[in-house]
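Single-structure report; data block below.
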Amino acid sequence: MTRLSQYLLPTEREAPADAEALSHKLMVRAGLVRQVGTGLWTWLPAGLRVHQKIVQIIREEMNALGGHELLMPMIQPAEPWRKSGRYEIDELFKLVDRKETELVLGLSGEEVVTTHAASMIRSYRDLPLTLYQFQVKGRDEPRPRAGILRTREFLMKDSYSFDRDADAVDASYRRHADAYAKMYDRCGLRWYLVDADVGYMGGRESGEFMAPCPAGEDDIVLGANGYAANLEVASAEPAPVTLPPSGDAPEEVHTPGTNTIESLAEFLGLPQGALSKAFPVVRQGDDEELVLLLLRGDHRVSEVKLRTVLGAGFRQASASEIEDKIGPPGFLGPVGMRDSQVRVLVDQGMLANEGGYVAGANRTDHHLRGVQAGRDFTYEAVDVRQVGPGDTVGGEPIQIEPAIEIGNIFKLDTRYSAKLGARYLDPDGKSQDLWMGCYGIGPARIAAAAVEQFADEKGISWPRAIAPFDVHLVTLGKPGSDERELSERLYAELTASGLDTIYDDRDAGPGEKFADAELLGVPLRVTVGRRSIAAGELEVQIRRGAVAQAVPLDGAVEAIVKLWRTLP
RNA sequence: CGGGGUGUGGCGCAGCUUGGUAGCGCGCCCGCUUUGGGUGCGGGAGGUCCCCGGUUCAAAUCCGGGCACCCCGACCA
């Protein structure tokens, strides 16, 4: 029973002044969510219905892939986090109880589930196994933002697969990817599965599910033949650049005061792409190493790709390190370095063009013209460039779109099982590490993405599978009127037909009721007014596109049910 | 963590420069009115002006400290 006169749906005419993202504004205005503190939100009744519908879709698909639901605690002992090496993560909420025991708020569930696996999974006969839960996750985010999009506490479905070996992990991973595809399709979203960095989860391979929309925090790169990748890791062919011809050897030129790419390009009258940019970086770790990275002057470094290439974190080299081993900052190049042992990495975006680049001469106010990799210096080719507009994949220009991350899947392999001692006996009776995968999905982000993707100037337009209600019944009649009597009957019949119906029986004007209905975004609006009675029909409006149609009163409920089934 | 901004009734805001009994629109309550796009008229309720301290006869306003929240960046399964 959902009569608006007795329901909590606090709609607002104006968005909170500090809201920026469309989903943030609309979800607050439509009375779906309310803020409690930075990154902390309450789901109000109508919003919770959306959330629960999404949760149910996810649950059904998890069960269909053979997953078993369980529920693990959100408050967890710190010890397994120390063992896994994740206790130091800044986002991890740490707490201490009255006995001074160290605890954490789970930001995901690997530590606990792997601890369980260690004690409960003994034999290859117990495998494969997939466990999942819906549990609140806590994260001490450096910057919560955009309403419900990045919060410090949120419900997440996290699942974990346990297998015998790498091939079996691949199969579990594939099954999850397929299940996720079904979930997003059922939720009515536009989405992509993209290549991604593994981040602090660690592991061999990961994929991110991304819903394109303006409020997206990430950028995704889309190209020909289904190419899709997070901008952080994307690869593409750069737009070519015309280089001046190279002579037999580099030629030194006097370039006073040109210690930036812009000033040098201007001084020489060349495009920035004809210059080479030098990045001296130090690979971090026990065996720190200074490396010189070269990139086309008009290209940018992807820090994520560089980290992958180096196999470790890195930092900018200090001025003294640069002076010591390469040359004067601002005029660095691969030829004539003070220490010829410095490794030179060349981004492959530089290698595709004929001719010679301009590079620093390792001498103040001087550069070299006509420098060619291989001929003039030895190098390793790498791909560390951040792709950009104008690049191509398979000959077609790429597209770059902002997107919300709505799910993530990882092949963890033995990264957690080895550290937490989760092992099984194989058919030969030998003890082996368990092979794992983990898979996360956030219902709140699916809701926000749906709002972003389908809203119009009047409000939200939910995909029907996750709408808070199926039908929004608006009565324009006063209590006691014929219209009201008809509305009451329709409300009962619609509800009996299985449609979740919200009934606007408030004592309010038509404009207000229509505006609220459009803001809330229920897929079908049924209006009952004097007109309806007179014409013997109802006005039924499809929210998406605001298309109205007349439905004869006779058999109206059946017609509405039928129409509803055709909606996106 | 760096930069910028904001805290005044449920929401959106003015007032602060130049100290003097706190205001507007919307919403809310009551009555009448209106009933297919936030109708009109009348009456009314509601505020520790973020907090603490200071200056002053007097502080929303000036000074000091703190807190909260937002945006950009860094960061971010």
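Values below: every heavy atom of this structure, side chains too, minus hydrogens, waters and symmetry copies.
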Notebook entry, point to check: Taking only side-chain nitrogens and oxygens of T38(A), does any of them come within less than 4.0 Å of OP1 or OP2 of A68(B)?
Noted result: no
Next item on the list: Mind jotting down which residue pairs meet the ring pair (Phe, Tyr, Trp, His ring centres under 6.0 Å) criterion with at least one end in residues 509-546 of chain A? Sequence neighbours excluded, please.
Entry: none
Item checked: Y439(A): partners by ring-ring contact (aromatic ring centres under 6.0 Å, His included), with sequence neighbours left out -> H176(A)
Margin query: Closer than 4.0 angstrom, basic N to acidic O: yes or no for E488(A) and R3(A)?
Written below: yes
Margin query: Once ring-ring contact (aromatic ring centres under 6.0 Å, His included) is applied, do any residues pair with W41(A), and if so which ones, sequence neighbours excluded?
Written below: H24(A)
Margin query: By the 4.0 Å heavy-atom rule, please label G37(A) as base, sugar-phosphate, or nothing.
Written below: sugar-phosphate
Next item on the list: Give me the residues of residues 519-528 of chain A where at least one heavy atom lies under 4.0 Å from an atom of RNA chain B, by number, or none.
Entry: R525(A), T527(A)
Nucleotides 9-14 of chain B: which of its N/O atoms have a protein N/O under 3.5 Å away?
residue	atom	partner	partner atom	Å
G12(B)	OP1	A17(A)	N	3.2
G12(B)	O2'	E14(A)	OE1	3.1

Check: Partners of E102(A) by side-chain hydrogen bond (donor to acceptor under 3.5 Å, both in side chains), sequence neighbours excluded?
Finding: R82(A)
Notebook entry, point to check: To the side chain of Q35(A), which of C76(B), G27(B), C69(B) is closest?
Noted result: C69(B)
With a cut-off of 3.5 Å and sequence neighbours excluded, list every side-chain donor-acceptor pair involving residues 440-449 of chain A.
residue	atom	partner	partner atom	Å
R445(A)	NE	L149(A)	O	2.9
R445(A)	NH1	E405(A)	O	2.9
R445(A)	NH2	L149(A)	O	3.2

Check: Who passes ring-ring contact (aromatic ring centres under 6.0 Å, His included) against H51(A), sequence neighbours left out?
Finding: W43(A)
Item checked: Sorted by number, the residues of residues 530-542 of chain A with heavy-atom contact under 4.0 Å to RNA chain B -> R531(A), S532(A), E539(A)
Notebook entry, point to check: Of the residues in residues 447-460 of chain A, which ones touch RNA chain B at a heavy-atom distance under 4.0 Å?
Noted result: none
Next item on the list: Could you verify whether a donor N or O on one side chain and an acceptor N or O on the other, from D163(A) and S172(A), lie under 3.5 Å apart?
Entry: yes
Checklist line | Residues in ring-ring contact (aromatic ring centres under 6.0 Å, His included) contact with H472(A), at least two apart in sequence or another chain | finding: none
Notebook entry, point to check: Taking only residues two or more places apart in sequence or in another chain, which ones pass side-chain hydrogen bond (donor to acceptor under 3.5 Å, both in side chains) with E518(A)?
Noted result: R525(A)
